[in-house]
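Computation of the quantities below employed the complete heavy-atom set of this structure, encompassing side-chain atoms and omitting hydrogens, waters and symmetry-equivalent molecules.
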Amino acid sequence: MIQGTGSDVGKSLIVAGLARLYARRGLRVRPFKPQNMSNNAAVTADGGEIGRAQALQARAAGVAPSVHMNPVLLKPQSEIGSQVVVQGRMVGTARAREYQDWKPRLLAAVVESFGRLRAESDLVLVEGAGSASEVNLRRGDIANMGFARATGTPVILLGDIDRGGVIASLVGTKAVIDPEDAAMVRGFLVNRFRGDPALFADGMELIAARTGWEALGLIPHFPDAARLPAEDVLGLRGAERPGGKVVAVPVLPRIANFDDLDPLRAEPGVSVVLVEPGRPIPAAADLVLLPGSKTTIPDLAFLRAQGWDVDILAHRRRGGRVLGLCGGYQMLGTSLSDPHGIEGPPGTVAGLGLLDVATVLTPEKRLAAARGVSLPDETPFTGYEMHVGETAGPDAARPLVRLADGRPDGAVSADGLVCGTYVHGLFADEGQRALWLSRLGAAPGPEAYEAVIERVLDRLADHLAAHVDADRLLALAG
């Protein structure tokens, strides 16, 4: 089990790299994360949902994603509350304090899923959540030491030297956690090192001496990590490329499934500009893309509070293109109704009015792989659906796509410049991305997006093989 001294120290990436490394050795590898918190989810073949990082790790291991790889997924809906998904299915919502009382009940599902993966594999690589040193959350824990102790899973602690203070964070973790928890730790890794490794040799020895844990590797910074799908929208920031066609994306508080942006970010002729709160949508934008949202109505209110509605309408008047994906599609309509109080108090709000459609949020959630063709060009696509709500209206008579089962999806304005769809993953499809780039007056780059992901995963595995004692790590797994 890879636990971290903090959030964003590289746990997801290390698990993905190790999964590819050991799978290439011929082992049957499965990734596992007991509890994840993310609005960037993936759909499994059986119609469930898991964290996007576990889907990438499954890909690295060469296996299909399963709901058992992430049995508890928390999808934040507010600053203090989240939707709770257990083994792929939503079971309710809970505030942060309430959720602490849920954890003991959820442990059974976590252990069951872990047992399923163990039975079908040679090696399960477990990813912890947040920080192992959050002793204030230790009671009822199912994400870190609570899980490790319940299942007898040995732990490797990962620190991030790029943040500074990695010696204190690793030694400090040993100092604050319970001695029985500390006994689960077999060794440590230091991630994201820059410079001459010899300069930190004393540091590795000091950590080992102070903790009694074995030093298993000093991992240099891996620049290509930015080319892999990010689980947190923070991972997208700072990656803007100057020049090229500008795709402007307002960053909403509950932005969801933002991996839709990854294939566009990889294109050399495109600059994906994340529009942060307090900034206007750039007038130079070639496309304004409204992404998915976990809570569409509150995010629409936030969009208006930022003045982005005015910017989008001005962009539209200048002849600019607008695309809405899932929640973004719902925002483009004339109205959004929530009669069941799914996102808050029941009611109806006005949409942006750029598409003549109306949406009614419904309790049922659609989770499914999707394939079909875009219209009217009949270009094939593959993707997935993950949404609540039904959308209809005059502009839906001009659907953006037709699904393989014959259902139309999405809507297009009369002049073709504004459109929306419930289908995620369109830009990962080579044909669809080329089609959209041509609409913007750009051409696709020389490499297929999926081929880039595979190549980066292979390079990551090589990187870890060179800097981590993989044989010792495997021996410690037992």
Side-chain angles (χ1 to χ4, degrees), residues 1-3 10-36 41-73 86-88 108-129 142-144 147-148 150-156 158 184 186-187 189 216-217 219 228-229 231 369 450-451 453-478:
M1 182 179 194
I2 305 295
Q3 294 188 27
K11 297 185 292 291
S12 297
L13 188 73
I14 297 302
V15 169
L18 291 175
R20 177 57 59 95
L21 189 161
Y22 290 122
R24 291 194 317 197
R25 291 187 175 187
L27 296 177
R28 297 173 301 160
V29 182
R30 300 292 185 271
F32 182 75
K33 184 159 186 170
Q35 172 192 290
N36 199 352
V43 174
T44 60
D46 55 359
E49 57 182 314
I50 61 173
R52 174 61 57 179
Q54 281 63 66
L56 178 66
Q57 292 161 356
R59 176 175 181 162
V63 296
S66 159
V67 295
H68 297 295
M69 294 174 181
N70 176 205
V72 177
L73 174 62
V86 178
Q87 293 179 334
V110 167
V111 172
E112 179 197 358
S113 290
F114 180 63
R116 285 174 178 250
L117 297 185
R118 281 211 304 192
E120 67 185 38
S121 64
D122 302 309
L123 175 66
V124 181
L125 293 168
V126 185
E127 179 189 340
I142 63 173
N144 289 306
F147 168 81
T151 58
T153 301
V155 173
I156 306 300
L158 180 68
M184 299 301 299
R186 302 293 188 266
L189 295 165
L216 296 168
I219 306 168
L228 294 173
E231 187 170 63
E450 299 296 337
I453 299 301
E454 287 299 311
R455 181 167 55 82
V456 173
L457 286 171
D458 280 333
R459 288 193 60 207
L460 175 59
D462 293 340
H463 184 73
L464 294 182
H467 300 288
V468 171
D469 189 342
D471 290 336
R472 180 61 180 156
L473 200 63
L474 192 58
L476 289 171

From OG1 (T153) to CZ (R118), nearest 0.5 Å: 6.5 Å
Separation between CG of L476 and CG of D471, rounded to the nearest 0.5 Å: 11.0 Å
From L460 atom CG to L228 atom CG, the distance as rounded to the nearest 0.5 Å: 7.0 Å
Heavy-atom side-chain contact between D462 and R24 under 4.5 Å: yes
For R455, side chain to side chain contact (heavy atoms under 4.5 Å, CB included) partners two or more places apart: R227, E447, V452, R459
Closest non-hydrogen atom pair between I142 and P34, with its separation: O-CB, 3.1 Å
Side chain to side chain contact (heavy atoms under 4.5 Å, CB included) evaluation trace for T151 with V110: CA-CA 10 Å; T151 58; V110 167; over 6 Å; no
S113 vs Q87 side-chain heavy atoms within contact, under 4.5 Å: yes
Closest approach of A55 to A42 (non-hydrogen atoms, all atoms of both residues): CB-CB, 3.6 Å
Distance (rounded to the nearest 0.5 Å) between M69 CE and L117 CG: 6.0 Å
Shortest non-hydrogen separation from P71 to A109 and the atoms involved: CB-O, 4.2 Å
pair V468-I14: side-chain heavy atoms closer than 4.5 Å: no
Residue pair K33 / V15, side-chain heavy-atom distance below 4.5 Å: no
Test item: I2 and L125 side chains (from C-beta on) under 4.5 Å apart, heavy atoms: no
With sequence neighbours excluded, residues passing side chain to side chain donor-acceptor pair (under 3.5 Å) with R186: none
Gap separating the CD atom of E112 from the NE2 atom of H68, nearest 0.5 angstrom: 6.0 Å
Non-hydrogen atoms of A129 and Q35 that approach each other most closely: CB-O, 3.6 Å
Y22 side chain to A61 backbone, donor-acceptor under 3.5 Å: no
Under 3.5 Å: donor-acceptor pair, side chain of N36, backbone of L73: no
Side-chain heavy-atom pair Q57, S12 within 4.5 angstrom cut-off: yes
Residue list, side chain to side chain donor-acceptor pair (under 3.5 Å) with E120, at least two apart or on another chain: R30
Interatomic spacing from CE in M1 to CD1 in I156 - rounded to 0.5 Å: 11.5 Å
Expected output: side-chain N70 to main-chain Q54 donor-acceptor under 3.5 Å: no
Heavy-atom closest contact (L21 atom, A470 atom, distance): CD2-CB, 4.1 Å
L474 and L27, any side-chain heavy atoms less than 4.5 Å apart: yes
Mutual orientation of the aromatic rings belonging to F114 and F147 [parallel < 30°, tilted 30-60°, perpendicular > 60°]: perpendicular
Smallest separation among heavy atoms of A16 and L457, with atom names: CB-CD2, 4.4 Å
Donor-acceptor contact below 3.5 Å, side chain D469 vs main chain G217: no
